[in-house]
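I am attaching a structure below and will ask some questions about it afterwards.
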Amino acid sequence: MRAVICPAYGPPEVVRIEDRAAPALESGQVRVRVGAAAVNFPDVLVIAGEYQIKVPTPFVPGSEFAGAVTETADDVTEFAIGDRVTGTGIVGAFAEEVTAPAAGLGRIPDGVDDHRAAAFGVAYRTAYHTLRSVARVRPGDRLLVLGAGGGVGLAAVQLGVHLGAEVTAVASSAEKLSAAAAHGAGGLIDHTSGDLRAALKKALPDGANAVIDPVGGRLSEPALRSLRRGGRFVTVGFASGEIPRIPLNLVLVKGIQILGFQFQDLDPGEFRRNEDELRELLTTGRVLPHISAVYPLAEAATALRQVADGQAIGKILLDMKA
């Protein structure tokens, strides 16, 4: 099979395409012929050796895929050959075939192609669980989304609008803000064009009820200051590469909450509810993932570079059939 290989830690350009033997099938696993794989910012960090988990080189990068089952281990009963599935992991997705534990796979709804399934996975699940169970966004809330052009950020814009919030999007370019506007954001702020704190005060004079922050860095404190009393600030990640230092007196003075999102912290009942609601949104097409570019496997380094440089709008995919 063809696969992307990271031979040593480094920038996106370090990866190369190789023919290698398909991974062996182990107990509890299925083999999947990959149709499409999503390119995510953590993939860039794993290749650079800067992720929280170090993967020994050489390895096949890629954390999110969609495709069809071609083989099952003898002890697997929940999937059959031909079933269409999505899956996630730390590595392995940027290849024509993957093996994965059956217990961690999800079924792709009928009528949903591999591109939509791969693009909807991690980003939209992260955004929706964050909005529903951590930020607890309700109809009429004023929601501020940082990094609103990226995968999680643009998903949060779309899903926040679906939940009835008035969304203000903060991004780094007119193109990203245009995408946020197309998905329902009413307030648009380019944080590279001037003082963000002043722009937020003008856009949200009564303050935001909630902030979703997948960026970190210098954007976090102005966003935190934009919260109204009792507001919720949810940190999802640090795509800027910088972990912010927050003055805790703001928490005391404004009576706000600073929260973090991780899947394992969710209430099981709420998790199932959120997953069911998301599946319905995907199946009916009420929320469609924003896919800005699709590359063949041979151009994986280009796709990774676009994500690394913050140029991606929504999701970028690798198409294994191209």
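Heads up: numbering here begins at 1 and tracks the sequence.
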Residue pair Glu270 / Ser133, side-chain donor-acceptor N/O under 3.5 Å: yes
Test: Arg136 and Asp141 ion pair at under 4.0 Å: no
Shared hydrophobic cluster, Val157 / Val137 (ILVMFWY, side-chain heavy atoms < 4.5 Å): yes
Asn274 side chain to Phe271 backbone, donor-acceptor under 3.5 Å: no
Pair Asp110 + Arg84, salt bridge at N-O below 4.0 Å: no
From OG1 (Thr57) to CD1 (Ile5), nearest 0.5 Å: 11.0 Å
Nearest-0.5 Å distance that lies between atom OG1 in Thr72 and atom CD1 in Ile81: 6.0 Å
Heavy-atom closest pair, residues Leu317 and Ala118: CD2-CB, 4.3 Å
Presence of salt bridge, Asp206 and Arg228, under 4.0 angstrom: no
Arg286 side chain to Leu281 backbone, donor-acceptor under 3.5 Å: no
Leu227 reachable from Ile212 in the ILVMFWY side-chain graph, under 4.5 Å edges: no
Note, Leu25 side chain near Gln29 side chain (heavy atom, < 4.5 Å): yes
Within one Ile-Leu-Val-Met-Phe-Trp-Tyr cluster: Val122 and Tyr51, side-chain cutoff 4.5 Å: no
Exam field: side chain Asp276 to backbone Arg273, donor-acceptor pair closer than 3.5 Å: no
Nearest-0.5 Å distance, CD1 of residue Ile189 to CG of residue Leu196: 6.5 Å
Ala298 to Ile17 - nearest heavy-atom pair and separation: CA-CG1, 3.9 Å
From CA spacing to verdict: side-chain contact (heavy atoms from CB on, under 4.5 Å), Ile256, Arg229: CA-CA 6 Å; Ile256 57 178; Arg229 185 164 187 82; over 6 Å; no
Side-chain touch Glu277/Arg272, heavy atoms, less than 4.5 angstrom: no
Gap between atom CZ of Arg279 and atom CZ of Arg125 - 0.5 Å precision: 12.0 Å
Ring-face cation contact, Tyr9 with Lys54, 6.0 Å cut, 45° max: yes
Working for side-chain contact (heavy atoms from CB on, under 4.5 Å), residues Val294 and His115: CA-CA 9 Å; Val294 180; His115 285 194; 3.8 Å; yes
Heavy-atom pair with the smallest gap, counting every atom of Ala171 and Gly149: CB-N, 4.1 Å
Shortest non-hydrogen contact from Ala38 toward Phe94: O-CE2, 3.5 Å
Minimum heavy-atom distance Ala155-Ala123, with the two atoms named: CB-O, 3.9 Å
Side-chain donor or acceptor of Asp190 paired with backbone N/O of Thr192 under 3.5 Å: yes
Distance (rounded to the nearest 0.5 Å) between Glu97 CD and Arg20 CZ: 13.0 Å
Shortest non-hydrogen separation from Ala73 to Ser27 and the atoms involved: CB-CA, 4.2 Å
Value rounded to 0.5 Å, distance of CD1 in Ile316 from OH in Tyr295: 5.5 Å
Flag side-chain contact, heavy atom, 4.5 Å: Thr168 against Arg142: no
Side-chain heavy-atom pair Leu304, Val39 within 4.5 angstrom cut-off: yes
Validation row: Arg232, Val211 side chains within 4.5 angstrom (heavy atoms): no
Backbone of Gln311 reached by a side-chain donor or acceptor of Asp309 within 3.5 Å: no
Arg197/Glu221 salt bridge by N-O under 4.0 Å criterion: no
Side chain proximity check, Thr126 to Phe263, heavy atoms < 4.5 angstrom: yes
Between Tyr128 and Glu275: side-chain donor-acceptor atoms closer than 3.5 Å: no
Heavy-atom check, side chain of Arg31 versus side chain of Pro23, under 4.5 Å: yes
Any donor-acceptor N/O pair, Ser240 side chain to Val215 backbone, under 3.5 Å: yes
Donor-acceptor pair, side chain of Glu96 and main chain of Arg2, under 3.5 angstrom: yes
same_hphob_cluster(Ile53, Phe59) at 4.5 Å side-chain heavy-atom cutoff: yes
Audit row: Ile246, Ser220, side-chain contact (heavy atoms from CB on, under 4.5 Å) steps and yes/no: CA-CA 8 Å; Ile246 298 298; Ser220 298; 4.2 Å; yes
Exercise: do Asp213 and Thr235 side chains pair donor with acceptor under 3.5 Å: no
More than 12 heavy atoms of other groups within 6.0 Å of Asp74 CG: no
Side chain Arg116, main chain Leu282, donor-acceptor under 3.5 Å: yes
Side chains of Glu64 and Asn40 in contact at under 4.5 Å (non-hydrogen atoms): yes
Test item: Lys254 side-chain N/O and Gly230 main-chain N/O as donor-acceptor pair under 3.5 Å: no
Main-chain N/O of Gly28 paired with Asp75 side-chain donor or acceptor, under 3.5 Å: yes
Glu13 with Arg305: basic N within carboxylate O range, under 4.0 Å: yes
Output field: ring centroids Phe120/Tyr124 closer than 6.0 Å: yes
Linked, directly or transitively: Leu177 and Leu200 (ILVMFWY side chains, under 4.5 Å): no
